[in-house]
Asker: 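Below you'll find the structure I mean.
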Number of protein chains: 2
Amino acid sequence: MFLSREAEYAIQALLRLTLHKDEHYVSIKTLAKELNISEYYLSKILQKLVKKNILKSHKGPKGGIAFFDSPEKISMLDIVVAIDGKEIFEGCVLGLYRCESDDPCSLHERWLKLRDQIQQMFSDESLAQLGENPELIRRSQKFINIKQKASKSKNKIS
Amino acid sequence: MFLSREAEYAIQALLRLTLHKDEHYVSIKTLAKELNISEYYLSKILQKLVKKNILKSHKGPKGGIAFFDSPEKISMLDIVVAIDGKEIFEGCVLGLYRCESDDPCSLHERWLKLRDQIQQMFSDESLAQLGENPELIRRSQKFINIKQKASKSKNKIS
DNA sequence: TATAAATTTTATAAATTTATCTGATACTCT
DNA sequence: AGAGTATCAGATAAATTTATAAAATTTATA
């Protein structure tokens, strides 16, 4: 799993949000139900996006969250970095000390190129582009159930 | 961090082991001291490699671990998969449900290619090739100290 | 202005990963 | 055979990530 679960949920929530185009603010509760995860957990995650000005929020009745900018202007990289930080694109792939220096490991150059390409992939893709497949977004809700069940049974068996 | 800490330690330990070329068996205790990590923890990790026939072990005095095959025949991928499993090269990068099906997300193809290239990178590189830079291997010992300090202070400050 | 709806903040719990410890077993050597 | 050395296996502990709950704050509107 290249991204943290939080980053995955953030992306899934924002994708859901693109399906609510007309509404001014959408409550986190609603999104949480649609994604089938805890309202509180989602709040926590989305707050990070509010602080990074990817979302704006409004309290009280008729409140909720909304995009700060339009989804066309939000790249996947924006979201990923807001949640997981830019550190996931840093460091030696083997965890070797001082590998970034003038005497790197033999995988270094190759890894750097691949990592940059991953980063480029995320920055090339806007939320709006990903949102062009609403069917996929709707399907993605069930995944959480499966994940939770999988980790539970894994615990029991092994 | 693309690889788990265990996988990183496994690689570092095997790299260390290549520096002990002449000896028949090297004790895990010795390796653990060189890497500056817990002897017991390293045991646990290396046991996985024993079970996967990457290492062989021998109990008692003059015992320890040794390569089952020569480092030339061991790829980085062998080690990574032995510890982290092949799952790290599977699934949708965004965690979307059924993304692998006939209706994938718009990042899917691009991610698949990159992921395959990462896998290829690991399988192209043998332990022996990485071991050709003994200075780097020796330096890598200190990294663990830094990591441990970093996570401790992180805890205290934030 | 009171009430209900919503986010925000803080606390708590569960699960997983990371790390250490202990006892058992196997082996070498004298 | 006995003493010492080393892995092996399973239990335990600490740290981090993942998830939930409860209390505090803000806001719309009746």
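Chain naming here is simple, since letters A, B, ... match the order of the sequence lines and numbering starts at 1 in each. No experiment lies behind these values; they were computed from the predicted model shown.
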Asker: Search all heavy atoms of Pro104(A) against all heavy atoms of Leu136(B) and return the closest pair with its distance.
Answerer: C-CD2, 4.0 Å
Asker: Got a sec, which residues hit side-chain hydrogen bond (donor to acceptor under 3.5 Å, both in side chains) with Asp124(A), two or more places apart in sequence or on another chain?
Answerer: Gln120(A), Arg110(B)
Asker: Between Ser106(A) and Glu132(B), is there a side-chain donor-acceptor contact under 3.5 Å, judged purely by atom types and distance?
Answerer: no
Asker: Report the distance from atom CD of Glu6(A) to atom C1' of dT20(D), rounded to the nearest whole Å.
Answerer: 13 Å
Asker: Report the stems of DNA chain D as range-with-range entries sorted by first number; a stem here is at least three consecutive pairs, Watson-Crick or G-U wobble, both distances under 3.5 Å, and write none if there are none.
Answerer: C:1-30 with D:1-30
Asker: Could you tell me whether the phosphate oxygens of dT20(C), OP1 or OP2, come under 4.0 Å of any side-chain nitrogen or oxygen in Ser38(B)?
Answerer: yes
Asker: Determine the contact category for Leu46(B): base if any of its heavy atoms lies under 4.0 Å from a base atom, sugar-phosphate if only primed atoms, P, OP1 or OP2 are that close, otherwise nothing.
Answerer: nothing
Asker: Taking the side chain of Gln47(B) as its heavy atoms from C-beta onward, which of dC29(C), dA9(D), dT7(D) lies nearest to it?
Answerer: dA9(D)
Asker: So what does Ser43(A) touch, heavy atoms closer than 4.0 Å: a base, only the sugar-phosphate, or nothing?
Answerer: base
Asker: Any donor and acceptor pair, going by atom type alone, linking the side chain of Arg16(A) with main-chain N or O of Arg138(A) inside 3.5 Å?
Answerer: yes
Asker: Please compare Leu42(A) and Lys62(A) by the position of their nearest nucleotide in DNA chain D and report the one closer to 5'.
Answerer: Leu42(A)
Asker: When you check the phosphate oxygens OP1 and OP2 of dA19(D), does a side-chain N or O of Tyr9(A) lie under 4.0 Å from one of them?
Answerer: yes
Asker: Could you list all the salt bridge (charged side-chain N to carboxylate O under 4.0 Å, His left out) pairs where at least one residue sits in residues 59-86 of chain A, not counting sequence neighbours?
Answerer: none
Asker: Nearest whole Å is fine: how far is dT18(D) P from Gln12(A) CD?
Answerer: 13 Å
Asker: So which atom in Leu96(A) and which in Cys105(A) form the shortest heavy-atom distance, rounded to 0.1 Å?
Answerer: CD1-CB, 3.9 Å
Asker: Among the candidates dT7(C), dT20(C), dT18(C), find the nucleotide nearest to the side-chain atoms of Arg5(B).
Answerer: dT18(C)
Asker: Quick one: Ile45(B) CD1 to dA9(D) P, roughly how many Å, whole number?
Answerer: 16 Å
Asker: For the pair made of CE in Met1(B) and C1' in dT16(C), what is the distance, rounded to whole Å?
Answerer: 13 Å
Asker: Whole angstrom is fine here: how far is it from CD in Glu8(A) over to P in dA19(D)?
Answerer: 10 Å
Asker: Take the protein atom NZ of Lys29(A) and the nucleotide atom P of dA22(D), then report the distance between them rounded to whole Å.
Answerer: 13 Å
Asker: Give a yes/no answer on whether the side chain of Tyr40(B) brings an N or O atom under 4.0 Å of OP1 or OP2 in dT20(C).
Answerer: no
Asker: When the distance from CD1 of Ile37(A) to C1' of dA14(C) is rounded to whole Å, what number comes out?
Answerer: 16 Å
Asker: So which nucleotide from dT18(D), dT20(C), dA4(C) ends up closest to the side chain of Lys44(B)?
Answerer: dT20(C)
Asker: If you compare all heavy atoms of Phe67(B) against all heavy atoms of Lys56(B), which two are closest, and at what distance to 0.1 Å?
Answerer: O-CE, 3.5 Å
Asker: Quick one: ring pair (Phe, Tyr, Trp, His ring centres under 6.0 Å) pairs with a partner in residues 101-122 of chain A, sequence neighbours left out?
Answerer: Trp111(A)-Phe2(B)
Asker: Can you find a heavy atom in the side chain of Ile83(A) that is under 4.5 Å from one in the side chain of Ser4(A)?
Answerer: yes
Asker: Hey, can you pull the residues of residues 48-60 of chain A with a non-hydrogen atom under 4.0 angstrom from DNA chain D?
Answerer: His58(A), Lys59(A), Gly60(A)
Asker: Which whole-number value in Å describes the distance from Tyr41(B) OH to dT17(C) C1'?
Answerer: 7 Å
Asker: My understanding is that only residues two or more places apart in sequence, or in another chain, count here; which of them pass side-chain hydrogen bond (donor to acceptor under 3.5 Å, both in side chains) with Glu6(B)?
Answerer: Lys48(B)
